[in-house]
Each structure stands twice: as structure tokens, then as C-alpha cells.
Amino acid sequence: MYSIVSTAIIMGIQSIPVQVEADVSNGMPLFEMVGFLASEVKEARERVRTALKNSGYLLPAKRITVNLSPANIKKTGSGFDLPVAIAILAALGIIPEERLQGILVVGEIGLNGNIQPTEGVLPMVAEAKKQGFTRCLLPYGNYREASVIHNVELIALRHLTEAIRYLNGDGVPAPESGTEAAGADIMGEGQRDGEETQPDFAQINGQRLLRRAGEVAAAGMHNFLMTGAPGAGKTMLAQRIPSILPPMEEAERLELAKIYSVSGMLLKEAHILEKRPFRSPHHTITPQGLVGGGTIPKPGEISLAHKGVLFLDELAEFSKPTLELLRQPMEAKEIQIARLHGTISYPADFMLVAAMNPCPCGAYPDMNRCHCTQSAINRYLGKISRPLLDRIDICVETAPLTYEEVAAQGKNEPSAVIRQRVCEAWERQKARFAGTGIYFNSRIPAQRLKEYCGMGTAEEAFMQDVYRQNGLTARSYHKILRVARTIADLSGSADVRVEHLSEAACYRSLDRNYWERG
């Protein structure tokens with residue numbers, strides 16, 4: 001007898017339909033699986049055989065052939081166990097084949113028949129809905145993330161026997177109390193009132209320039225670099241930038257949820273998408289950990305920071321080859337990972353925020369405290385290449401705090417007030433770029449800068465002086481125009497004026513203050 005069960009495989013964050021075909025016929029007893037399978041998929045044969053036995057279903061002495069199609073796509077992961085088991089049972093006549101119509105099946109099976117959660121279920125269910133599937137059989141541990149997708153019946157299973165009973169018409173296993181609101185929980189809709197969820201700008205004393213630069217960066221999603229002595233508040237400010245970013249829209253939440261589902265992180269954290277992501281990897285991170293990769297490619301930190309903030313503290317302590325990998329995704333807003341059997345793309349639309357000391361000891365240019373040699377300073381700063389620096393829109397130097405600023409008890413402007421200004425700037429950009437595929441000032445193509453950042457005679461003359469005096473590159477010149485457009489939006493101005501350009505030019509001061517000293 002023959003049967004077919006629908007399942008899926010994950011490529012990047014996209015789900016690709018896979019058909020599991022099972023044929024049981026007379027002949028030499030054999031259980032064979034084909035279809036370009038990875039080792040963990042081949043091992044499903046023994047897991048399924050033993051799980052069926054321990055669930056009371058002994059395979060007959062027949063020839064059993066299972067094919068996973070299409071055969072030109074390599075099948076990886078452990079989520080094929082359940083569809084393989086159900087396909088065999090249907091081929092044996094234990095499960096009515098007509099009950100398999102319109103159902104997507106995914107799940108790993110333990111030797112005792114328990115159904116274990118697997119990664120990437122959310123994008124599978126989302127694609128199943130697009131393909132017209134009305135029901136999904138999945139592990140109970142994946143029910144919470146899959147419930148993000150509406151208008152699809154989810155059958156959450158704990159044991160193989162539950163799947164068999166359901167497919168034979170014996171009722172639907174009921175989720176435990178409280179899981180009905182799980183999807184809203186994941187998407188941040190179940191955030192608890194009165195709970196402080198993130199730091200606030202009101203906690204930052206002094207550093208007016210730094211606070212203003214952070215606001216401008218958030219308003220236009222500009223990449224942002226801070227440099228200065230340790231303890232000046234660089235890390236403190238970076239941790240508070242998510243608190244002034246507008247909430248994510250539904251489409252952004254869903255796309256980010258797919259990335260976290262593929263990474264397996266939705267299985268571990270309850271309120272992971274309550275706010276925009278803030279990722280802060282240690283400087284010892286590997287290139288694969290930062291941009292993604294591996295034998296079975298997984299999203300890296302730049303993808304986990306999608307639609308949020310990637311904070312690189314102690315930037316100059318990262319290895320130079322690792323930092324250089326950021327250049328392409330910072331421009332393209334995605335990362336492509338090439339492997340033997342194809343290329344996988346992960347979204348990487350993040351705002352880079354970085355902090356670093358001016359020298360290895362952190363005291364430069366105070367020569368009474370700094371004992372670093374000029375060559376040591378040059379090597380330290382040399383890890384930040386000029387091409388990478390050109391991709392950073394805003395660069396500011398932090399001054400040490402005075403005693404009065406540290407001890408001040410005054411009321412600082414809170415994040416809620418700043419966020420309101422940032423939201424208004426985002427709305428202006430949304431209206432300006434409607435229908436163009438551009439979302440932020442930081443993403444304006446160079447060929448359209450004159451259209452959106454048109455300048456008068458005085459502005460042209462000012463930028464000509466800035467370009468010549470600072471030895472700007474074409475890219476850094478364009479960055480100043482984009483930042484000036486954001487500053488104009490924050491002030492409610494329709495035109496880019498000299499004062500906006502002047503402030504934006506100040507945010508490129510590190511080009512000459514540090515890198516040209518070496």
C-alpha cells in the first residue's frame with residue numbers, strides 16, 4: 001500500500017514543502033529511506049521503528065520504502081520523524097489516508113513515542129496557511145509559537161498514540177490551561193502592566209551631546225559609534241536606545257519571530273518579542289556567531305538583531321576579520337550564506353551601535369594617565385577600517401563626567417518623551433517615502449539624495465567647505481546628508497538647512513580627531 005504525508009523543511013527563514021511518501025509491499029524485509037537525506041534524517045528510521053514498537057505497533061516483515069521529495073533539496077533536521085511514522089501507519093492501513101488531506105505534520109519522536117519540539121515550526125505553519133492547509137499536527141512544545149499564526153487549526157501532540165487516535169477520529173488533544181494566549185504572549189501583546197521592561201534615558205546624567213546623538217540615530221535608524229574614556233556612559237546609553245524606538249508593527253514581529261523560531265529561541269523565552277531586540281555579543285564572538293553559518297546554517301547575531309539594535313561594546317577588541325564581515329550586510333540589510341547545496345539568506349536590517357575606548361588603556365588623550373605608545377594606539381584604532389567607518393553615520397566622542405553631573409539629582413528627560421519625537425520623525429519618513437520601498441533616511445539611495453535632501457545655495461557652499469576641510473569620501477558625504485535629513489525631521493522642517501548640516505557634520509568629527517592622528 002502507498003500513502004503520502006505533507007511536511008516542510010526550513011531554508012533560511014523560508015519554509016519549503018516536502019512530501020513524505022511511504023510504500024509497504026511484499027518482499028525481503030527492509031526499511032529504507034531515500035531522498036537526499038542528512039544523517040539525522042536517516043537516523044529517523046531507527047527512532048520511528050522503536051517508537052512504533054513501544055507504542056504498540058510492530059512493523060510487519062515487509063519491504064518499507066520511504067521517500068522525501070523533492071529529491072534535489074537536502075533534508076536536514078529531526079522534524080521528519082512524525083510525518084514518516086504517520087505515512088507508514090497510513091500505508092499499513094492503520095490510519096485512514098483520507099484523514100491526511102489538508103494536514104501539515106512535523107515533529108521529532110523519542111524512542112518511547114514522546115513527541116519532542118523542533119526548530120522552525122512557526123515559518124512552517126505560516127507557509128502551510130499560504131498553501132491552503134487547514135490543520136497542523138505538531139509537538140505540544142511548539143504549540144505556543146505556532147499559535148502566532150491565526151486561522152489554522154493546531155493539533156498539539158505529546159505522544160505518538162495521540163496522533164494515531166486523532167487521525168482515527170477519536171477527538172482532539174486539548175492544550176493545557178493558559179496556552180490559548182500563548183501566541184499573544186510571544187508577540188508581546190501579553191506584556192504585564194506595571195512591569196519595568198527596559199532602562200530609561202531619565203537615568204542618564206549629563207552627556208547632552210551623547211543623548212542627542214542617540215536620539216538622532218534612533219530617529220533615522222542610523223549606525224552609531226561612541227568613543228571615549230571608560231565610565232563615560234557609552235554602554236549605559238546604548239542599552240537605553242531600544243526604549244526610544246517605536247513599537248514593532250505586526251509584520252515586523254512576525255518576521256522576527258520566524259528568525260527566533262529557526263534559532264530555537266522561541267522554545268526557551270516567554271516574552272522574547274515584547275520590544276525591539278537588543279543584542280550585545282561579546283568581543284570574542286566568532287565570525288559564524290556574528291553573521292551566521294555553520295554546517296547547518298543558523299542565524300547569527302546580526303539577524304537576531306533584525307529590526308532592532310546590535311550593540312558591539314569594546315569595538316576595537318573584536319577581531320578585524322569579524323568586523324569586516326559587517327560591511328556587506330550593513331548595506332544590503334541581509335546576509336547570504338553560501339553552502340555546497342545552495343545559498344541561504346537571513347534578514348539583517350539592524351541598527352549598529354558601537355562603543356570603544358580611544359586607546360588600549362582608555363585614557364588617551366590625557367597623557368598624564370595614558371602610557372600607550374603611538375604605535376599601540378595606531379594598532380588599536382587600525383582594527384576599525386576606513387570602509388567600515390564610512391558605513392557608520394554618526395560618530396561622537398564622549399567627555400568624562402564632572403562630579404556635579406555624576407551627583408546631580410535633577411530630573412532628566414525620560415525615554416517616553418524622546419520616543420514621542422522619534423515616532424513623529426518616523427511618521428514623517430513614512431509619509432515621504434510611501435510607495436518607494438525606502439523606510440528610513442539612512443536608507444536613501446545616493447542617486448535620490450538630491451530629491452529628498454535638496455539644498456539651497458548657502459547649504460551647497462557649506463557642504464563644499466566641509467567636504468574639502470575634512471577630506472570626506474563620497475560615502476561619508478552622503479551620510480552627512482542623510483543625518484541632516486533626520487535632524488530636519490526631528491525639528492519638523494521640510495527643508496534641510498545649514499544648522500541641520502552643521503550638526504550632522506559634527507557627528508563625523510572622529511574621522512579627523514582619531515583616525516587621522518595615526
Side-chain angles (χ1 to χ4, degrees), residues 3 5-10 18 20-22 24 29-33 35 37-62 64-66 68 75-96 99-100 103-122 124-125 135-147 154-179 182 261 264 266-268 296:
S3 71
V5 171
S6 297
T7 185
I9 187 176
I10 293 297
V18 172
V20 179
E21 302 173 291
V24 179
L30 181 67
F31 186 170
E32 186 176 24
M33 291 182 62
L37 313 177
S39 59
E40 68 271 16
V41 182
K42 294 177 182 177
E43 292 167 356
R45 177 177 55 192
E46 299 306 320
R47 288 195 296 270
V48 168
R49 187 203 307 271
T50 306
L52 287 172
K53 174 181 70 70
N54 290 331
S55 300
Y57 299 92
L58 190 64
L59 292 181
K62 292 180 177 289
I64 300 174
T65 305
V66 175
L68 277 64
K75 317 303 184 305
T76 61
S78 57
F80 294 106
D81 294 6
L82 185 58
V84 166
I86 290 176
I88 292 173
L89 291 172
L92 292 171
I94 297 173
I95 293 175
R99 292 278 296 173
L100 300 177
I103 293 182
L104 182 86
V105 183
V106 62
E108 178 184 346
I109 302 178
L111 298 183
N112 60 354
N114 287 337
I115 298 177
Q116 309 294 337
T118 188
E119 298 173 353
V121 164
L122 192 152
M124 292 183 189
V125 175
R135 292 173 292 170
C136 293
L137 267 66
L138 45 82
Y140 182 80
N142 290 119
Y143 177 82
R144 193 173 142 272
E145 62 178 283
S147 60
L154 303 177
I155 314 301
L157 306 167
R158 297 181 181 83
H159 197 275
L160 179 58
T161 54
E162 290 184 352
I164 298 170
R165 287 198 301 268
Y166 169 75
L167 292 171
N168 279 291
D170 292 341
V172 180
E176 289 181 359
S177 175
T179 56
S261 175
L266 290 186
L267 300 173
K268 305 171 185 176
I296 301 175

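Index from 1, following the sequence. Keep in mind it's a predicted model, so treat the numbers as computed, not measured.
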Main-chain N/O of [Y] paired with [X] side-chain donor or acceptor, under 3.5 Å:
X	Y	result
Asn142	Thr118	yes
Glu40	Gly77	yes
Lys75	Leu68	yes
Ser55	Gly113	no

Quick check: do [X] and [Y] have side-chain heavy atoms less than 4.5 Å from each other?
X	Y	answer
Leu92	Tyr57	no
Val106	Leu82	no
Tyr143	Val121	no
Val66	Val48	no
Arg49	Leu59	yes
Leu137	Leu167	yes
Phe31	Ile88	yes
Tyr166	Arg99	yes

[X] [atom1] to [Y] [atom2] distance, which is reported to the nearest 0.5 Å:
X	Y	atom1	atom2	answer
Glu108	Asn114	CD	CG	11.0 Å
Leu154	Arg144	CG	CZ	13.5 Å
Arg47	Leu111	CZ	CG	8.5 Å
Asn54	Thr161	CG	OG1	11.5 Å
Ile164	His159	CD1	NE2	9.0 Å

Apply the test side chain to side chain contact (heavy atoms under 4.5 Å, CB included) to residues Gln116 and Ser78: give CA-CA distance (whole Å), side-chain angles for both, the deciding distance (0.1 Å), then the verdict. CA-CA 9 Å; Gln116 309 294 337; Ser78 57; over 6 Å; no
